[in-house]
Peer 1: 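Take a look at this one; I'll ask things after.
As the structure is a prediction and not an experimental result, all values here were calculated from the model. We're numbering straight along the sequence, starting at 1.
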Amino acid sequence: MKTWSKYIKPYLRYFILGPLCMIVEVIGEVLMPQCLAAMITNAATNGWLYAIKVSGLMVLIALTMMAGGIGGAYFGTRASVNFAADLRLDIYKKVQKFSFANVDKFSTGSLVTRLTNDVTQMQNMINMLLRMALRAPGMLIGALIMAIAMRPSLAAILGVTLPLMIITIGIVIKITFPRFSAVQGKIDRLNSTVQENITNMRVVKSFVRENHENDKFFVANKDLKSTQFGAMKILIWMSPIMSIFMNLTTIAVLWFGSQQVYQHGMEIGDLSAFVGYVMQILFSLVMVSMLFMMLSRALASAKRIKEVLNEEIDIVDDNASSKDAVVNDGKIEFKNVTFRYHKNSEDPVLDNINITINPKSTVGIIGSTGSGKTTLVSLIARLYDTDEGEILVDGINVKDYSLFNLREGVGMVLQKNVLFSGSIEDNLRWGDEEATDEMIANACKSAQADKFIENFKGQYQYDLGQGGKNVSGGQKQRLCIARALLKKPKILILDDSTSAVDTATEAMIRNAFANELADCTKIIIAQRISSVKDADSIIVIDNGKIVGVGTHDELMETNEEYKEIYYSQNEKAKQAAEVKAGDING
């Protein structure tokens with residue numbers, strides 16, 4: 001309850017007023033059978049004036065009940081909607097603080113389900129709870145008291161029916177609770193399948209894998225359907241079982257009640273009122289059963305939501321000793337750094353890395369695929385934390401910076417270029433919200449993006465679509481570079497971010513870096529040696545270890561791995577040139 005109290009307190013008045021309004025409706029429900037009994041018993045002997053008075057009282061009670069019902073529904077809705085909105089916001093904020101390792105623990109589809117479907121389940125439960133938590137028990141207790149007060153002997157019938165109904169409800173709840181937990185897991189899987197397919201729609205179509213994706217969705221959808229039916233088929237039995245209990249109880253009351261009328265002088269109006277109270281009792285039990293059914297599903301969702309809210313974030317700055325420090329020079333030092341993605345793994349991704357990157361220098365990083373290049377630079381901005389050793393930026397351990405100040409000083413153009421829904425300008429302002437139109441235009445010019453932007457309808461207001469689907473890979477890369485340039489970082493990391501542009505454009509971008517970012521430390525991860533050949537220093541990584549550091553000329557003399565890469569690439573370039581020359585001559 002402690003977890004949820006913070007979402008209740010701001011709207012406590014709604015949580016109180018809703019049930020109070022429902023109590024008004026319950027009082028009316030309990031009084032109405034008495035009025036009906038009085039009408040049946042006394043109207044004929046007391047005349048039409050008495051009938052009008054009783055009818056007027058019943059209308060007044062009905063209007064009061066209506067006001068109570070509307071008020072209960074209104075306040076219940078206000079309470080549940082606000083509760084859900086605040087809870088959803090907190091979950092989203094928590095996810096925003098997750099490190100990559102935290103996100104890896106939950107699938108993307110699962111997080112989406114928890115933010116949407118699970119929160120909605122809790123919202124519906126609270127709405128129902130506020131409307132029924134007092135109404136159903138209140139009607140049960142009130143009607144039971146009135147029934148016992150009228151005819152204790154007839155009320156004894158309920159002593160058999162009620163325990164059987166309560167036991168049935170308990171059994172159903174015990175069976176359905178784990179099944180609803182399984183349903184939410186299947187929804188996770190379905191959401192992940194849909195998201196993956198839509199996000200990678202171009203890849204699906206280019207490989208003509210629509211049928212495969214349809215089959216995969218069919219399996220996930222069928223699995224969800226069967227799991228949902230397995231949970232719901234228990235509830236399917238609830239309605240007929242409860243109806244049987246209600247009908248058998250009503251028959252028993254009418255059977256024994258008719259004998260009370262003929263043998264013991266019980267008024268027909270009283271029998272009618274007693275039947276009304278019995279129906280209220282039984283109906284309130286049905287409402288309680290449905291409430292528990294919804295509660296069991298909501299509890300499964302609440303458990304999943306708490307897993308997110310209680311997830312321990314492994315990268316925080318709570319104990320940072322230099323929270324006010326900012327990145328000024330951009331000097332980077334790796335000291336005995338070792339890192340593993342899976343902490344129990346024997347083989348590290350990075351093994352005992354020691355290197356110093358001087359401020360304002362340009363450093364290239366080159367190595368085979370999977371050698372640890374991207375992991376190395378990810379540690380600088382604390383996207384992951386080292387397992388051993390330390391990383392210093394301007395002489396301060398990265399763990400002693402506030403996460404905001406550290407990442408504010410580091411600009412990254414990741415290997416997977418990501419743009420968001422909205423215009424080009426909206427995306428570029430991620431680098432600097434206060435950037436002027438001139439600053440945006442200059443950044444795009446430096447990134448060689450200005451020319452293709454000018455050809456778009458609306459230019460900087462051109463809508464990129466979800467994930468930048470309306471631009472090519474090379475255009476996306478240049479926009480991401482422009483976004484990073486607008487940030488004016490002290491450290492700029494380019495992770496193979498010019499792989500989709502031609503060598504001439506890449507050369508112009510590198511030239512712009514040299515002129516526009518002279519005071520910035522630039523780290524360029526590349527597959528092509530031509531991309532890092534002119535760097536002040538080049539780091540060669542192989543299998544998580546640094547196997548060479550130096551300029552291009554130095555490495556060509558001393559480093560076999562670098563020379564192998566160089567000659568391999570130049571041989572391919574030479575062969576391509578020969579083929580092109582042959583085509584021209586032919």
Side-chain angles (χ1 to χ4, degrees), residues 8 11-43 46 48-85 120 122-150 238-239 242-243 246 249-250 253 268-295 298:
I8 295 174
Y11 314 105
L12 189 60
R13 60 188 182 278
Y14 300 137
F15 280 86
I16 293 174
L17 290 173
L20 288 178
C21 288
M22 299 315 298
I23 289 177
V24 172
E25 189 176 21
V26 168
I27 293 172
E29 292 271 13
V30 173
L31 291 176
M32 194 65 80
Q34 288 289 345
C35 294
L36 184 61
M39 175 75 77
I40 294 172
T41 303
N42 302 318
N46 293 343
W48 63 269
L49 188 59
Y50 177 81
I52 292 175
K53 289 181 179 180
V54 175
S55 298
L57 179 61
M58 292 176 70
V59 170
L60 181 62
I61 292 173
L63 291 174
T64 305
M65 288 171 60
M66 183 178 72
I70 293 173
Y74 174 79
F75 292 120
T77 301
R78 288 292 298 269
S80 60
V81 168
N82 283 300
F83 177 97
T120 300
M122 290 201 67
Q123 176 182 326
N124 293 339
M125 183 271 291
I126 289 172
N127 193 11
M128 181 67 73
L129 194 66
L130 292 177
R131 297 175 66 178
M132 296 298 176
L134 289 182
R135 186 173 186 267
M139 184 188 298
L140 175 64
I141 295 170
L144 192 59
I145 291 173
M146 295 298 290
I148 293 172
M150 290 183 68
M238 279 293 293
S239 180
M242 291 299 154
S243 295
M246 292 176 69
T249 304
T250 303
V253 168
I268 293 178
D270 290 342
L271 178 59
S272 176
F274 190 91
V275 171
Y277 286 129
V278 169
M279 295 303 295
Q280 286 182 4
I281 292 167
L282 299 177
F283 183 65
S284 65
L285 270 180
V286 172
M287 285 194 296
V288 168
S289 69
M290 297 309 298
L291 185 63
F292 275 111
M293 292 302 101
M294 184 170 286
L295 185 62

Peer 1: For Leu130 and Met22, which heavy atoms make the closest approach, and how far apart are they?
Peer 2: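 Smallest heavy-atom distance, with atoms named: O-CG, 3.8 Å.
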Peer 1: Taking only residues at least two apart or on different chains, which pairs with a member in residues 12-28 satisfy salt bridge (Lys or Arg N to Asp or Glu O under 4.0 Å)?
Peer 2: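 Only Glu25-Arg135 qualify under salt bridge (Lys or Arg N to Asp or Glu O under 4.0 Å).
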Peer 1: Provide the full list of side chain to side chain donor-acceptor pair (under 3.5 Å) pairs with a residue in residues 136-149, sequence neighbours left out, each pair given once.
Peer 2: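 Sorted result for residues 136-149: empty, none.
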Peer 1: What's the separation between atom CD1 in Ile16 and atom CD1 in Ile8, rounded to the nearest 0.5 Å?
Peer 2: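 Answer rounded to 0.5 Å: 10.5 Å.
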Peer 1: Distance from Arg131 atom CZ to Ile126 atom CD1, nearest 0.5 Å?
Peer 2: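 One gets 14.0 Å once the value is rounded to the nearest 0.5 Å.
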Peer 1: Could you measure the distance from the CG atom of Asn82 to the OG1 atom of Thr77? Nearest 0.5 Å is fine.
Peer 2: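 Answer for the CG-OG1 pair, Asn82 versus Thr77, is 10.5 Å.
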Peer 1: Please list, one pair per line, the donor and acceptor atoms closer than 3.5 Å that link side chains of residues 61-74 to other protein atoms, with sequence neighbours excluded.
Peer 2:
| from | atom 1 | to | atom 2 | distance (Å) |
| --- | --- | --- | --- | --- |
| Thr64 | OG1 | Leu60 | O | 2.8 |
| Tyr74 | OH | Arg78 | NH1 | 2.6 |

Peer 1: Do you know the tightest heavy-atom contact between Phe15 and Ala79?
Peer 2: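 In terms of heavy atoms, the two residues are closest at CE1-CB, 3.7 Å.
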Peer 1: So does Met122 have more than 12 non-hydrogen atoms from other groups sitting under 6.0 Å from CE?
Peer 2: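 Check passes, neighbour count above 12.
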